[in-house]
Asker: 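Sharing a structure here in structure tokens format.
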2 protein chains.
Amino acid sequence: MATQTAAQRREQAKVEYDAFLAQCPSRALLDRISDKWVVLVLCALGGEGGRDEGTPAAGPAPLRYSELARRLAGVSQKMLTQTLRSLERDGLVTRDVTPTVPVTVAYALTDLGLSLREVAQGLRVWAQANMGEVLTNRDAYDARTS
Amino acid sequence: MATQTAAQRREQAKVEYDAFLAQCPSRALLDRISDKWVVLVLCALGGEGGRDEGTPAAGPAPLRYSELARRLAGVSQKMLTQTLRSLERDGLVTRDVTPTVPVTVAYALTDLGLSLREVAQGLRVWAQANMGEVLTNRDAYDARTS
DNA sequence: CAGGATCCCGCTAGATACTG
DNA sequence: CAGTATCTAGCGGGATCCTG
């Protein structure tokens, strides 16, 4: 297969990626992972139920589709499926189908997904931790420009 | 002014934010900061020219509007201005206008912005570092499902 | 249960033109 | 230089209906 030559071409260009350049593929990848649903899916599969519960870094427990849908309150099936497919294609999550009746599908993080989860975690935690300050800043800004 | 009562209301609800909940404001904030341009602006103002140059964590040097536009290749004035305004309103960046002719405007990170920059950095670096592996995974996925 | 397929609206991002 | 204003095309994303 030609996957080797493709991998080799990439190998020699390994350090060349720069998200500041418009035409660089890493710009598109940054756009992909800079997504609310991506962050939340990664966090959910990472073991976060929402708030920081007792389990600090519990092993990446696989979650079923319906379970994910419940945790990511307000997500549409379309967005959830779309996000999961994208993550699967990029090798961030695995999708395991158990042919029961009805069928059971479990999603889990790969090692690659686990590495991005750390960063995603950071985003979500930051938002939750600094929400109050941001709200205060907005009040001040709006009062000043009103 | 009523900013105090608002701040107090927030104070007592400080730990209540949960981005997994649809109606939680932190969900909206997560959506805001999960943005390609936000990440790149934060990184640029953090001192990154793109690749990891010699300066590991150079002080947050203020950048002018045109300088930012140059670094974020491909960004439209609209998106850049819009992103900067949003960041300013949230208290992540400062906007200093020097009344020269023509006018000079410099943007810089606040302490709050600096804290988010760390995470944003992580996203950009992750995208650049794992671009190759993601590309390989996509090839494999597409070959399998073709 | 875990989606696939469609329809369709909204709003956002981009292009263009203008200004203090 | 550093924006603002306006217009429009495109698609992101929700709602809905259907299926193995």
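Note that the structure is a prediction, hence the values are computed from the model and not measured.
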Asker: Kindly indicate, with the supporting measurements, whether the criterion salt bridge (charged side-chain N to carboxylate O under 4.0 Å, His left out) is fulfilled by R89(B) and D142(A).
Answerer: CA-CA 8 Å; R89(B) 188 167 105 102; D142(A) 292 345; 2.5 Å; yes
Asker: Quick one: CG on L21(B) to CD on Q128(A), what's the gap to the nearest 0.5 Å?
Answerer: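 L21(B) CG to Q128(A) CD: 8.5 Å, rounded to 0.5 Å.
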Asker: Which ones in residues 74-88 of chain A lie close to DNA chain C, meaning a heavy atom under 4.0 Å from one of its atoms?
Answerer: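 Within residues 74-88 of chain A, the residues near DNA chain C are T81(A), R85(A).
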Asker: Check for me, please, whether L40(A) and V125(A) land in the same ILVMFWY cluster - side-chain distances under 4.5 Å, paths through other members count.
Answerer: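 Shared cluster, no.
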Asker: Can a donor-acceptor pair be found between the side chains of Y65(B) and T81(B) at a distance below 3.5 Å?
Answerer: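 Indeed, the side chains of Y65(B) and T81(B) share at least one donor-acceptor pair under 3.5 Å.
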Asker: What are the bounds, 5' to 3', of the part of DNA chain C that sits under 4.0 Å from heavy atoms of chain A?
Answerer: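 With heavy atoms of chain A under 4.0 Å away, the range is dC1(C) to dG4(C).
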Asker: Of the non-hydrogen atoms in L42(B) and R117(B), which two are nearest, and what is the gap between them?
Answerer: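 Heavy atoms of L42(B) and R117(B) come nearest at O-CG, 3.7 Å.
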Asker: Between V93(A) and L45(A), what is the shortest heavy-atom contact and its length?
Answerer: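 Taking V93(A) first and L45(A) second, the nearest heavy atoms are CG1-CD1, 3.7 Å.
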Asker: So, do R32(B) and D90(B) sit near enough that their side-chain heavy atoms are less than 4.5 Å apart?
Answerer: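 Of all side-chain heavy-atom pairs linking D90(B) with R32(B), at least one is under 4.5 Å.
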Asker: Nearest-Å distance, CD (E67(B)) to C1' (dG3(D))?
Answerer: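 The distance from CD of E67(B) to C1' of dG3(D) comes to 17 Å, rounded to the nearest Å.
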Asker: Which pair of non-hydrogen atoms, one from L123(A) and one from S34(B), has the smallest distance, and what is that distance?
Answerer: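 The pair with the smallest heavy-atom distance is CD1-OG, 4.0 Å.
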Asker: Relative to the 5' end of DNA chain D, which residue comes earlier, K36(A) or P102(A), by the nucleotide with the nearest heavy atom?
Answerer: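 So the residue in question is K36(A).
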Asker: Does dT4(D) have OP1 or OP2 under 4.0 Å away from a side-chain N or O of Y65(B)?
Answerer: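 No, Y65(B) has no side-chain N/O under 4.0 Å of OP1/OP2 on dT4(D).
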Asker: Identify the heavy atoms of A69(A) and V75(A) that sit nearest to each other, and give their distance.
Answerer: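 A69(A) and V75(A) have their closest heavy atoms at O-CG1, 4.2 Å.
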Asker: Which residues within residues 91-100 of chain B lie with some heavy atom under 4.0 Å of an atom in DNA chain D?
Answerer: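 Contacts with DNA chain D under 4.0 Å: R95(B).
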Asker: Just how far is it from atom SG of C43(B) to atom CG of L30(A), taken to the nearest 0.5 Å?
Answerer: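 Result: 8.0 Å between the selected atoms.
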